[in-house]
Amino acid sequence: MREKELRVALVCSGGISLAVTMHGVTKEIWHATRASRAWRAGEAVPAGVAGVYAAMLDTIGQSRALALRFVPDIVSGASAGGINAVFLAQALITGQSLDGLTTLWLKCADSDVLIAPEARPWGRLAKIWAWPVVWLALRAPDAGLDDPRLSRATRAEVRAKVSRLIRARWFRPPFSGLGFSRLLADALTAMEVRDEDTTDGALLPPGHPLDLVVTVTDLAGHRTALVLNSPPLVEETEHRLTIGFHVTTDTGAKLAPLAELVLAARATASFPGAFPPLNVREIDALAQERGWPWPGRDLFLKRIMPERWREGSMHDAALIDGAVLNNRPFAEAMTALRDRPARREVDRRFVFIEPNPALPIPIAPTQVRPKPPGFFATIFAALSTIPREQPIRDNLDTITHQSRERERLRALVETLRPDIEAQVARLFGHTLWFESPSRARLTAWRARAQQAAEAAAGFAYHAYARVKFDAIIADLAITICSAAPDAGPANRIAQVLTAHLAQNGRDRMITDRGRATPESIAFFRTHDIGYRIRRLKLLARRLTEGWAEEEPGARSGREAARTIVYQAQALYQSRETARGLGPGFADSAQVVLADPGAVLSAIAARRDLATIDVEVDAMMVDALHVLDRTLRRRFLHAYLGFVWYDTAMLPLSHSSIGAGGGEGNGLGEFDPIKVDRISPEDARSIRSGGTAACLKGVGFYNFGAFFSRAYRENDYLWGRLHGAERVIDIIASSVEPALDQAVIARFKRDAFLAILEEEEPRLISDPTLVPGIRAEVEQAFAIEA
């Protein structure tokens, strides 16, 4: 079968009590990943909804000859979404079940549980003067208590808990910070208890990276340096923080110590006014209370708050909800794309969870327009509503622009292909044994093609060489900065590297005769890892496309050759980032400002691209041997002709979407990135009406689910159902030719019924919930049939 990975970068936005709904969605992503691993490995098919996902993948494999693997390898979140991101990442890397978090949300995400003991009202007569406020809150338009589907007991529960919260401690957060940390610690510990859903080992492919990023707000802010022209350096206050974790799915890999995961989840969800800001001392006390070892504490704190660490104010930091400044961390997820290996064809998706999207209010032509907002409404919106609900248009526009540029580059490749293949044919057309070269011959042919392309480019080679040089410097600076952030910002490091190379004559690309200088050739051979990766990605793309000349039975050879190409690509990608340069590189990188030459030499020695080049050429010879003879010439035309493609396209791609070899950057990634949303507004197979018709937690400004377990059970179940529908849609959209709609509908129905069967014993507050939705499922799909 042809192999393909559907890679998902998941973005979990804030939503207060709608965290329960988001947990239901992330649980479906976990089930789909678990099913994908089991199906791909030939393991026993999991029961329940995971079995439905496995059956769908098997159908795709049988009907489309496509081995598709579902791989969520980047998870980012803010606020309540940040908590779900932390737990999903932990479950993906360990294979642990998410049922521990389910218990936390259903049982403990309750206002009565979260209120600090000292903040509770002592009785019904406490703050008797606040009863009018309670009365107004219960009759607010978004309270939802007029829903006829609510039982009398649920209405009474909501009224009582709203009253207790409003009459709790004022002018200080009513919820306990340490109590919240303890609940998070309990849920993480509960995940370690094996159950029937627990899987041995990570759910992602072996050796694949997983990135977790949550946003946090530093309330007081920390100093950060800005490089200007005049004055050359100024200091500003920065409030945004990101807490990131990176791990590779090797045997026994761990995401992070539990204390660090609790810190990340507690900090990102410290909703202002409800919870006190997080201080590091709180996590220190929790770790001591639980007896958790935390050997890397200082390194972790230095990494996430380097400025505060340098100025000695680490323990003074007050960390609050990450959604205050960054409710939808798309940019943080996009940053993680640079460190992604490509061992097979990739369909990259950005998927964001939006339980309650802010829909525009339509105004009819004859309708009287509302009055301008008043004084207090304007202030409230500026301080709360607008910053938290601002659309993610800027991030999506960036992704859309990059995707369009990649589509344009792919079209340009098709336009250039006939001429470039003709150039290679003229250069090697009379070469003996062209279709069966040795490794040494292939290496020599690459050098010959390079010289021919350089001569044919003429003056255009000047621009190409300069763009390559600048791109390499930028990538080296990023690599050094990520290994040694204390050395300075990446743009400052790039300036130092450029000045050092200029002093040694390495910045002069072209001789007076218009040929590449020996110094530039040596520099490119030593440091241009992006060129190697781009070449192999183009070759993999060429092997992915159908060739009219392919004879029957030759497909298996083409798939085997493509596998070899991806393996070769991984050799370079493993050395591309600071992590790939091995332990000890961080110490070497620290001296970049004082001795940039030493750092460049260290990178060159650790990458050793010349040795990899020889190994890759040998792998290309192996790939030729498994190809049908009629396809070998086309393979060689693409491999040897890449220098012509790169000369023509790199300046264009660098100016429009950046340079570099990492996934999502420059010419190296030809596939557009697609964006998908998971929301009740997009999942209407069971019940139309979107969020308002399904979720109870939207009441009381999204605090509603904190006041009733029945609300939480309802929202959690709908989160799973909506998540299942959208996961099936996303998987189906990665398949060509498209699956029949009747087949997709059958999998949705099976998934819905499996979820309802799984959850019926757990959801005890409303005995009519599961039977009622089951009847809706049967009716909806009976109508479709």
Side-chain angles (χ1 to χ4, degrees), residues 209 211 213 218 222-228 232-236 238 241-248 256-257 260 280 294-314 317 335-336 338-339 469-504 506-507 523 526-530 572-609 660-662:
D211 281 274
V213 183
D218 185 345
H222 54 274
R223 291 185 297 177
T224 185
L226 295 178
V227 178
L228 305 178
L233 195 67
V234 298
E235 288 189 340
E236 292 283 343
E238 176 62 74
L241 284 177
T242 57
I243 300 177
F245 303 91
H246 176 94
V247 65
T248 301
E260 295 176 11
V280 174
W294 194 0
R297 174 189 179 276
D298 290 350
L299 290 176
F300 170 72
L301 296 176
K302 181 181 179 181
R303 176 170 62 82
I304 66 171
M305 292 185 279
E307 296 295 335
R308 283 194 171 275
W309 182 271
R310 279 194 287 268
E311 63 187 28
S313 61
M314 178 67 63
T335 301
R338 185 174 184 268
D339 195 15
F469 179 82
D470 292 342
I472 295 168
I473 293 298
D475 284 345
L476 288 170
I478 292 172
T479 300
I480 295 168
C481 183
S482 63
D486 291 344
N491 57 355
R492 173 60 178 153
I493 294 173
Q495 292 173 358
V496 172
L497 295 177
T498 302
H500 166 75
L501 292 170
Q503 291 174 358
N504 292 274
R506 296 294 180 93
D507 64 332
F523 179 75
T526 304
H527 292 292
D528 196 359
I529 193 171
Y572 291 118
Q573 286 182 316
S574 66
R575 311 281 181 91
E576 187 181 12
T577 63
R579 296 186 185 96
L581 297 178
F585 174 68
D587 295 334
S588 301
Q590 294 286 353
V591 302
V592 64
L593 299 184
D595 192 354
V599 180
L600 290 175
S601 296
I603 293 175
R606 288 171 180 266
R607 282 180 172 169
D608 193 12
L609 296 183

How about H527 and D475: do any of their side-chain heavy atoms sit closer than 4.5 Å? no

For the atom pair CG (L501) and CZ (F469), what is the distance rounded to the nearest 0.5 Å? 4.5 Å

Pairwise distance CZ(R579) to OG(S482) - rounded to 0.5 angstrom: 7.0 Å

Say you draw a straight line from CE of M305 to CG of D218; how long is it, rounded to the nearest 0.5 Å? 7.5 Å

Are any non-hydrogen side-chain atoms of I304 and T242 less than 4.5 angstrom apart? no

Can you say whether the rings of F245 and F300 are parallel (under 30°), tilted (30 to 60°) or perpendicular (over 60°)? parallel

Using every non-hydrogen atom in the two residues, find where P596 and L593 come nearest and quote the distance to one decimal. CD-O, 4.3 Å

Consider side-chain contact (heavy atoms from CB on, under 4.5 Å). Of I529, T526, I603, which one does L609 pass it with? I529

Do F523 and I473 have side-chain heavy atoms sitting under 4.5 Å apart? yes

Look at the side chain of R303 and the backbone N and O of G244, then say whether any donor-acceptor pair between them is shorter than 3.5 Å. yes

Looking at every non-hydrogen atom in both residues, tell me the closest pair between E311 and S313 and how far apart they are. OE2-OG, 2.8 Å

Side-chain contact test, heavy atoms from C-beta onward, threshold under 4.5 Å: evaluate it for T577 versus T479 and give yes or no. no

Any chance you could measure S574, atom OG, to R607, atom CZ, to the nearest 0.5 Å? 10.0 Å

The reported gap from CG in L299 to CH2 in W309 (rounded to nearest 0.5 angstrom) is 7.5 Å

Closest contact, heavy atoms only, A589 versus A487: O-CB, 4.3 Å

Minimal non-hydrogen separation, R606 against P583, with atom names: NH1-O, 3.4 Å

For the side chain of R308 and the backbone of M314, is there at least one donor-acceptor N/O pair under 3.5 Å apart? no

Qualifying residue, where the test is side-chain contact (heavy atoms from CB on, under 4.5 Å) with L497 and the options are L600, V599, I472: L600

So, does R575 use its side chain to make a donor-acceptor pair with the main chain of L581 at under 3.5 Å? no

Flag the pair E260 / I243 as yes when at least one side-chain heavy-atom distance between them is below 4.5 Å, and no otherwise. no

